[in-house]
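Quick notes on the structure that follows.
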Amino acid sequence: MNRLEMMTDEDLVVLYAKGNNAAFDVLLSRYQSSIHSYIFFIVRNKELAEDIFQETFVKAIMTIKQGRYDPEGRFGAWLTRIAHNLVIDSFR
């Protein structure tokens, strides 16, 4: 197990914000399955779930890179909230 995989989500976010792309790869691997499953459970459409999944991580990347991520909460819950909001938007 490498050094990054042993770090907390918050530490990985800080590293990613400073330009370490491998840190985000670790975050992606941690949450990929659960976020995708959550989205698919609600939308019941594989293609739509994949689109929303990608958009979720794009929004997360943009927010972190813009310095707008608030590390007070849990990263997984924040990511799930982004996914949830995008699911709701897809139904509108």
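Positions are given from 1 along the sequence. From a predicted model like this one, the values you see are computed outputs, not experimental measurements.
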Interatomic distance, Thr80 atom OG1 to Ile39 atom CD1 [nearest 0.5 angstrom]
8.5 Å

If you measure from CG on Asn45 to CG on Asp51, what distance do you get to the nearest 0.5 Å?
8.5 Å

Is it true that Phe53 and Ile88 fall in one hydrophobic cluster, defined by side-chain heavy atoms closer than 4.5 Å?
no

Should Asp70 and Trp78 be marked as a side chain to side chain contact (heavy atoms under 4.5 Å, CB included) after you check the CA-CA gap, both sets of side-chain angles, and the distance that decides it?
CA-CA 9 Å; Asp70 181 12; Trp78 175 70; over 6 Å; no

So how far is it from Leu48 CG to Ile42 CD1, rounded to the nearest 0.5 Å?
11.0 Å

Just wondering, more than 12 heavy atoms not from Phe91 lying within 6.0 Å of its CZ?
yes

Using the ring of each side chain (for Trp, its six-membered ring), is Tyr16 parallel, tilted or perpendicular to Phe24, with breaks at 30° and 60°?
tilted

Looking only at non-hydrogen atoms, find the nearest pair between Arg30 and Met7 and report the distance.
NH2-O, 2.6 Å

Which heavy atom in Ala83 sits nearest to a heavy atom in Ile35, and how many Å separate them?
CB-CG2, 4.1 Å

Where Arg74 and Glu10 come nearest, the two heavy atoms and their spacing:
CA-OE2, 4.3 Å

Nearest non-hydrogen partners of Asp9 and Gly76, listed with the distance
OD2-N, 4.5 Å

Using side-chain heavy atoms (C-beta onward) and a distance below 4.5 Å, is Ile52 in contact with Ser90?
yes

Path from Val14 to Val26 over hydrophobic side-chain contacts below 4.5 Å:
no

State the CD-CG distance between Glu55 and Asn85, to the nearest 0.5 angstrom.
11.0 Å

How are the rings of Phe75 and Tyr69 set to each other: parallel, tilted or perpendicular (split at 30° and 60°)?
perpendicular

Shared ILVMFWY cluster between Leu28 and Met62, side chains joined below 4.5 angstrom?
no

Can you tell me how far apart CD (Gln32) and CG (Asp25) are? Round to the nearest 0.5 Å.
10.5 Å

Locate the shortest heavy-atom distance separating Leu12 from Leu4; write the atom from each residue and the value.
CD2-O, 3.6 Å

Under 3.5 Å side-chain donor-acceptor pair for His36 and Tyr31
no

Check whether any side-chain heavy atom of Asp11 lies under 4.5 Å from a side-chain heavy atom of Thr8, and answer yes or no.
yes

Mind checking the OH-OG spacing from Tyr38 to Ser33? Nearest 0.5 Å is all I need.
15.0 Å

Residue pair Phe40 / Glu50, side-chain heavy-atom distance below 4.5 Å:
no

